J.: 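Please read through the structure below; I'll follow up with questions.
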Amino acid sequence: MTFKNNKKFYSVWILLILVLAFLNGCGKKEKQTEHEIKSVKDLAGAVIGVQLGTTGDIYASDYEKEGAVIERFTKGADAAQALKQGKVDCIIIDQQPAKAITDKNSELSILDEEFKKEEYAICISKDKSKLKNQINEVIAQLKKDKTLNNIINNYIGDSTIGKFPYQSPKDVERNNGTLTIATNAAFEPYEYMEDGEIVGIDIDIAQAIADRLGMNLIVQNMEYDSIIGAVQSGKADVGVAGMSITEDRLRSIDFTEPYTTATQVIIVCKSGNLVETSILDSIKLNFLKDNRWKYLTDGLLMTLQISFFAVIIGIVLGFIIAVIRTACDMTGKGKILNFVCKTYLTIIRGTPAMVQLLIIYYVIFSSVDVNKLFTASIAFGLNSSAYIAEIVRSGIMSVDKGQFEAGRSIGFNYIQTMWNFILPQAFKNILPALGNEFIVLLKETAISGYIGIMDLTRGGDFIRSRTYDAFLPLIAVAIIYLIIVMFLTHIVSCIERRLRIDV
Amino acid sequence: MFNSENVLIQVDNLQKNFKNIKVLNGITTQIKKGEVLVILGPSGCGKSTFLRCLNLLEEPTVGSIFFNGDEITDINTDINKHRQKMMMVFQHFNLFPHLTILENLIAGPVKLLKKSKEEAKAKGIELLKRVGLEDKAMAYPNQLSGGQKQRVAICRALAMEPEVILFDEPTSALDPEMVGEVLEVMKSLANEGMTMICVTHEMGFARMIANRIIFLYEGVVAEEGTPEEVFDRPKNENLKAFLSKTLNPILCRT
């Protein structure tokens, strides 16, 4: 197939996917559950959407005994999306984020009856009682001089929004190191993304605390359910994420004095109030407004960087392991090294890439402050190396044994024979499998969001959390992955053609 | 005895076991410079194993081998250095399929003998001319016939300027009409005084080029002598049976 034909072939596929996607988007949304919620009593037997690990989740779980089904989402926006599509009957979430959701989705509304009242506090490791006392003092000061009130009013309350932006005093001396906070920027108005920055009530409060303590503030964004782990392991000093004090949490972590009171409310979907937006408006909202397309381009860059470094680590390590393994098979020497390699392969291939990523970030590099890109590249590189090692080994074994003897008989040593004669032949045989491995690796990096990396998938997620539209951001992300994969496939087949020796 | 200038390879009590099977059962012999030694024997008698032990492609179980006075069976000897002077030509040619014919020829001289590429190429072309294949320099091995491949393999060995060439059944994998062209090249090498050790089934050829013939039977040297002694006046019963089968295959069957 010539390149020109290939192009045509690809464009047909893209077109087909786009058409399918549009048809799906235009299709009528049918309600899938029929349980109408009018008050807290109706929760029994309902399908309830919550944000994973929040207090809403904990309280809603009590209704499971009464026949309720709890759907746990990582973001409030995902839950809102599910509610709009009728996948859940209601959402239980904090009052302020609920307001943000209903403001942007006219078909959703908050029930007047409150679900639960709760207090938000900053979580901190049990070994850091000194820092905890310092923060408690600052919170008391902030309450006293109304700074805390102003910060909250700046985000909440129709007449006060935007009137009291918090600004650090100019003459702060930051000699006391850094204060790293863990948060989950998908919880408007406490913490959320705006123009690529994490902002919100909690962030301002954390800034105010850092200012008073003379520290530099570093904000780490991650999944809500990763925050406690990050604080425990020392990845972050404190967690500031609209977190309320519960007994379960107190078992593993300590809390400061609460800094605000929040209410859990129930969001429901008004019946027969679906507003259809045109596809053009949708594109404007999702990609053009606030330069949201930048989440995708920045994310793409990150995805490519991680994949690139991971591929290099994977190839180098994979080839080394493969050569050690075959050397042992052929000569019977290096049994210990071979055993080490075998164990490594068993462990890496026997556990999910995501678990490996989390272990490397939260366990192995827990006490060192390392670049996340570096961590992810190592994790995916190690993971890939195991698969590449076995691919390369099969390639080496596919080369005729006589080739090895020919090389050795001329006087080349083992490594020279491998490098000059065996690996070039093996490489040709395994190229399709290697290409496939790179494609898998590229797509696997989509889980790097779990350690708070803004990759392509996570970039799409952020747009989704701001616009409450699942369709366009997800399709855009899928198409970008698809295009890169097709490009990779094309390059691999070009190399393959060049290596093929025609008779 | 080893220090004698004429002895190139000295083999002492060479034994080789594969798992529990004894393949070579104590072989002692020596190969002099310029000698053409042909090894005969029924299949499974250990001919190829013996040859492959000489350059340690198979590691001997017992015994020692001296090459140019150095004991190559000693674990501290750098066998790679010695192999560079001791080429092997294989039954299945074992050319490198991803390299052109010329690249096959110059890989060793350039990377191991540190010759310049130009020098190695010039020498390679010269060798190819000698076997009548200079027009195939840029071809790949799978574009050649079996006979051509084996002639290239001999050139690859010669390119290293070896002191001895080990031939492991060089014509066994060839179509009958291609055997002649390879034997022709080997004959001319023998005439030039190249030391050669050859495992073959070509009886007529063996008789023509050999200075000495060793008949191996069940892992030991059953008979040894000049071609005339071995072919015309065989003493060993097994050798007699072997010769009658190979020289008169049809008669033997009836």
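Treat the numbers as computed from the prediction; the structure is a model and nothing was measured. Reminder, nothing fancy here: chain letters follow the sequence lines and each chain counts from 1.
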J.: Might you confirm whether atom CD of B:Glu59 has over 12 heavy atoms from other residues, nucleotides or ligands at distances under 6.0 Å?
T.: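 Not more than 12 within 6.0 Å, no.
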J.: Flag the pair B:Gln84 / A:Ile410 as yes when at least one side-chain heavy-atom distance between them is below 4.5 Å, and no otherwise.
T.: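 Result no, sub-4.5 Å side-chain heavy-atom pair not found.
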J.: Measuring from atom OG of A:Ser409 to atom CZ of B:Arg52, what distance do you get when rounded to the nearest 0.5 angstrom?
T.: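 Result: 9.5 Å between the selected atoms.
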J.: Could you tell me which of A:Glu405, A:Gln416, A:Gln425 has the largest number of non-hydrogen atom pairs under 4.5 Å with chain B?
T.: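 Max contact count across the listed options: A:Glu405.
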J.: Most heavy-atom pairs under 4.5 angstrom with chain A, which of B:Gln91, B:Lys111, B:Lys81?
T.: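 Sorted descending by pairs with chain A, the first entry is B:Lys111.
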J.: Check the orientation of A:Phe421 and B:His98. Use parallel for under 30°, tilted for 30 to 60°, and perpendicular for over 60°.
T.: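 The rings of A:Phe421 and B:His98 stand perpendicular, inter-plane angle above 60°.
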J.: Report yes if the side chains of A:Phe412 and B:Asn80 come closer than 4.5 Å at any heavy-atom pair, otherwise no.
T.: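 Contact flag for A:Phe412/B:Asn80 side chains = no.
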J.: Side chains of A:Arg408 and B:Leu57: closer than 4.5 Å at any heavy-atom pair?
T.: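 Yes, at least one pair of side-chain atoms sits under 4.5 Å.
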J.: Okay, side chain of A:Gln403, backbone of B:Leu95: is any donor-acceptor separation there less than 3.5 Å?
T.: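 Such a contact is found between A:Gln403 side chain and B:Leu95 backbone.
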J.: If I measure from the heavy atoms of chain A, does B:Phe96 come under 4.5 Å with its side chain, its backbone, both, or neither?
T.: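 B:Phe96 touches chain A through backbone and side-chain heavy atoms alike.
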J.: Taking atom OH of A:Tyr450 as the centre, report whether more than 12 heavy atoms of other residues, nucleotides or ligands fall under 6.0 Å from it.
T.: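 No - once you tally the heavy atoms of other residues, nucleotides and ligands closer than 6.0 Å, there are 12 at most.
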J.: Are A:Asp400 and B:His92 close enough that some pair of their side-chain heavy atoms sits under 4.5 Å apart?
T.: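 No; the side chains remain at least 4.5 Å from each other.
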J.: Below 4.5 Å from any heavy atom of chain A, which atoms of B:Ala159 appear? Answer side chain, backbone, both or neither.
T.: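 Nothing of B:Ala159, per the 4.5 Å heavy-atom cut-off to chain A.
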J.: Could you tell me whether B:Phe18 atom CZ has more than 12 heavy atoms of other residues or ligands within 6.0 Å of it?
T.: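 Yes, the 6.0 Å shell around CZ holds more than 12 heavy atoms from other groups.
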J.: With a 6.0 Å cut-off (strictly less than), is the heavy-atom count around NZ of B:Lys32, excluding the residue itself, greater than 12?
T.: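 12 or below, so no.
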J.: May I ask you to decide if A:Ala406's main-chain N or O and B:Asn94's side chain share a donor-acceptor pair within less than 3.5 Å?
T.: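 Such a contact is absent between B:Asn94 side chain and A:Ala406 backbone.
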